[in-house]
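I have placed the structure first, in the form of structure tokens, so that the comments after it can refer back to it.
Just so we're on the same page: letters track the sequence lines, and every chain starts at 1.
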Number of protein chains: 2
Amino acid sequence: MPSPEPEMEIVHLLRAVTVELGLHSARFASRHGMHPTDVRALIALMDARRADEEMTAGRLGAALGLNSAGTTALVDRLERAGHVRRVRAEEDRRKVLIEVDERAVELGQAFFGPLIGRVVELVRGYDEREVAAIRGFLGEVREAAGEADRPAR
Amino acid sequence: MPSPEPEMEIVHLLRAVTVELGLHSARFASRHGMHPTDVRALIALMDARRADEEMTAGRLGAALGLNSAGTTALVDRLERAGHVRRVRAEEDRRKVLIEVDERAVELGQAFFGPLIGRVVELVRGYDEREVAAIRGFLGEVREAAGEADRPAR
DNA sequence: CCCTATTATCTCGCTGAGCGAGATACTCGC
DNA sequence: GCGAGTATCTCGCTCAGCGAGATAATAGGG
């Protein structure tokens, strides 16, 4: 066994964090009778909401890696549970806008709020340069993971 | 809308990273005709391997949040694909040890290697104190996510 | 030792998420 | 207003994961 590089500790920690966060979402899902995909969908929808972007059925499916049939089923499920509403887009009536219900937002905040608050608290414990390092690192990892397909740059 | 706290940027980045890494695993899965759960299982198995711990069917299922029936089906799938072997434990012959095939390890390294290498490279770009901050932050987040259930401490 | 309780895994039958193929509804350029 | 293109939906199917219960092995009290 080759002597392990010390940088690998960060790699393993990173993976452990994603696993742990995934399990946390799964707890939210099962507690509310939802499936992991539904939670991912709600998160994507709330992201769009925060960025003030309209979310259509198609864009949602693409973000989650579903095909159109699966997307329809997903939205059906969320709509049946009262978490979202379908609204025909006025400019292009082929599109279906998906709007998150206020109650679903509150549900999410009630569950994820404590964890988010804890992370905010953690961040406050670091000085400016340390926070910059954390922010830079996370941003670069996101970048790297998104582009990790094509072998060449 | 209340003025957003600046610490929230880190929270959103963190979530974006987990989403991106999740999609990356999903690409690995679909490229090799596997399901997301199978990839999570292989990761858990390789983790155990690195830590020199034996992994049984039961422990694997628990780590992934599957019940016994689902776990059996999962191991069947992985075994059929040649990624793992079932081995009866000698000390307690009720247990079934799951061993990862060397070829599956190589498959994973071939796919995740570039991304891991990129992250190692990134880490090298930070000085000691910055790396300590990143490591500390990730460790604390993992902790927080794992304990985020019980409201009181 | 045997008998019972306990633990680990597997089998069976079922539900439902997500897929491929193709239908339907709407838009846009000609 | 017709044909090509785009967004979503419908249908039928496959298979991941669940609940219930069977099977196999161990542990302990008598």
Side-chain angles (χ1 to χ4, degrees), chain A residues 22-23 25-45 48 53-81 83-99, chain B residues 22-23 25-45 48 53-81 83-99:
Chain A
L23 289 174
S25 295
R27 283 192 286 269
F28 175 74
S30 83
R31 184 171 306 182
H32 293 94
M34 300 168 66
H35 298 262
T37 300
D38 305 51
V39 179
R40 293 197 309 146
L42 285 180
I43 288 174
L45 285 164
E53 285 171 4
E54 292 190 330
M55 185 57 110
T56 64
R59 276 167 37 75
L60 179 61
L64 302 180
L66 299 183
N67 76 358
S68 65
T71 303
T72 298
L74 165 70
V75 177
D76 282 352
R77 233 155 45 225
L78 291 174
E79 194 172 42
R80 211 177 314 124
H83 297 317
V84 306
R85 283 180 303 279
R86 275 180 165 93
V87 181
R88 279 281 164 193
E90 275 312 312
E91 14 74 69
D92 182 345
R93 295 185 48 73
R94 289 169 302 180
K95 293 183 186 170
V96 170
L97 302 179
I98 316 292
E99 294 181 354
Chain B
L23 289 174
S25 295
R27 282 192 286 269
F28 175 74
S30 83
R31 184 170 308 182
H32 293 93
M34 300 168 66
H35 299 262
T37 301
D38 306 56
V39 179
R40 293 197 309 148
L42 286 181
I43 288 173
L45 285 165
E53 285 170 5
E54 290 189 333
M55 185 56 111
T56 64
R59 276 167 38 74
L60 179 61
L64 303 180
L66 298 183
N67 76 357
S68 65
T71 303
T72 298
L74 165 70
V75 177
D76 282 352
R77 231 154 48 223
L78 292 174
E79 195 171 42
R80 211 177 313 123
H83 297 317
V84 306
R85 284 180 303 278
R86 275 179 164 94
V87 181
R88 278 282 163 191
E90 275 313 311
E91 13 76 68
D92 182 345
R93 294 184 48 72
R94 288 170 302 181
K95 293 183 185 169
V96 169
L97 302 179
I98 316 291
E99 294 181 354

Which of the following nucleotides, [options], is nearest to the side chain of [X]?
| X | options | value |
| --- | --- | --- |
| B/A69 | C/dT27, D/dA20, C/dA17 | D/dA20 |
| B/R94 | D/dT8, C/dA8, C/dT11 | C/dA8 |
| A/T72 | D/dT10, C/dT11, D/dC18 | D/dT10 |

Should [X] be listed as having a side-chain N or O under 4.0 Å from OP1 or OP2 of [N]?
| X | N | result |
| --- | --- | --- |
| B/R86 | C/dC10 | yes |
| A/N67 | C/dC19 | yes |
| A/R77 | C/dG16 | no |
| B/T71 | C/dT9 | no |

Base, sugar-phosphate or nothing for [X]? Non-hydrogen atoms, less than 4.0 Å.
| X | value |
| --- | --- |
| A/R59 | nothing |
| A/G65 | sugar-phosphate |
| A/A57 | sugar-phosphate |

Round to a whole Å and report the spacing from [atom1] of [X] to [atom2] of [N].
| X | N | atom1 | atom2 | value |
| --- | --- | --- | --- | --- |
| B/L60 | C/dA8 | CG | P | 14 Å |
| A/D38 | D/dG17 | CG | P | 15 Å |
| B/R80 | C/dC10 | CZ | P | 13 Å |
| B/M34 | D/dG17 | CE | P | 12 Å |
| B/E91 | D/dA27 | CD | C1' | 15 Å |
| A/R88 | D/dC9 | CZ | P | 6 Å |
| B/R93 | C/dT9 | CZ | P | 13 Å |
| A/L97 | D/dC9 | CG | P | 11 Å |

Got a second to check how far [X]'s [atom1] is from [Y]'s [atom2], nearest 0.5 Å?
| X | Y | atom1 | atom2 | value |
| --- | --- | --- | --- | --- |
| B/H35 | B/L74 | NE2 | CG | 10.5 Å |
| A/R94 | A/R88 | CZ | CZ | 10.5 Å |
| A/D38 | A/R77 | CG | CZ | 4.0 Å |

*Does the side chain of A/M34 reach to within under 4.5 Å of the side chain of A/L78, using non-hydrogen atoms?*
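SC-SC contact between A/M34 and A/L78 confirmed.
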
*Salt-bridge present (A/E54, A/K95; N to O < 4.0 Å)*: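 The answer is no: the pair does not qualify as a salt bridge.
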
*In terms of the nearest nucleotide of DNA chain C, which residue is placed more toward the 5' end: A/E90 or A/A73?*
A/A73

_Nearest-nucleotide comparison on DNA chain C, the residue closer to the 5′ end among B/G70 and A/H35_ = B/G70

*asked:* Need to verify one output field. Residue with the more 5' nearest nucleotide on DNA chain D, A/D76 or A/K95?
replied: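 Nearest nucleotide further toward 5': that of A/K95.
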
*Can you name the closest pair of heavy atoms from A/A29 and A/P36 and give their distance?*
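Taking every non-hydrogen atom into account, CB-N, 4.2 Å.
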
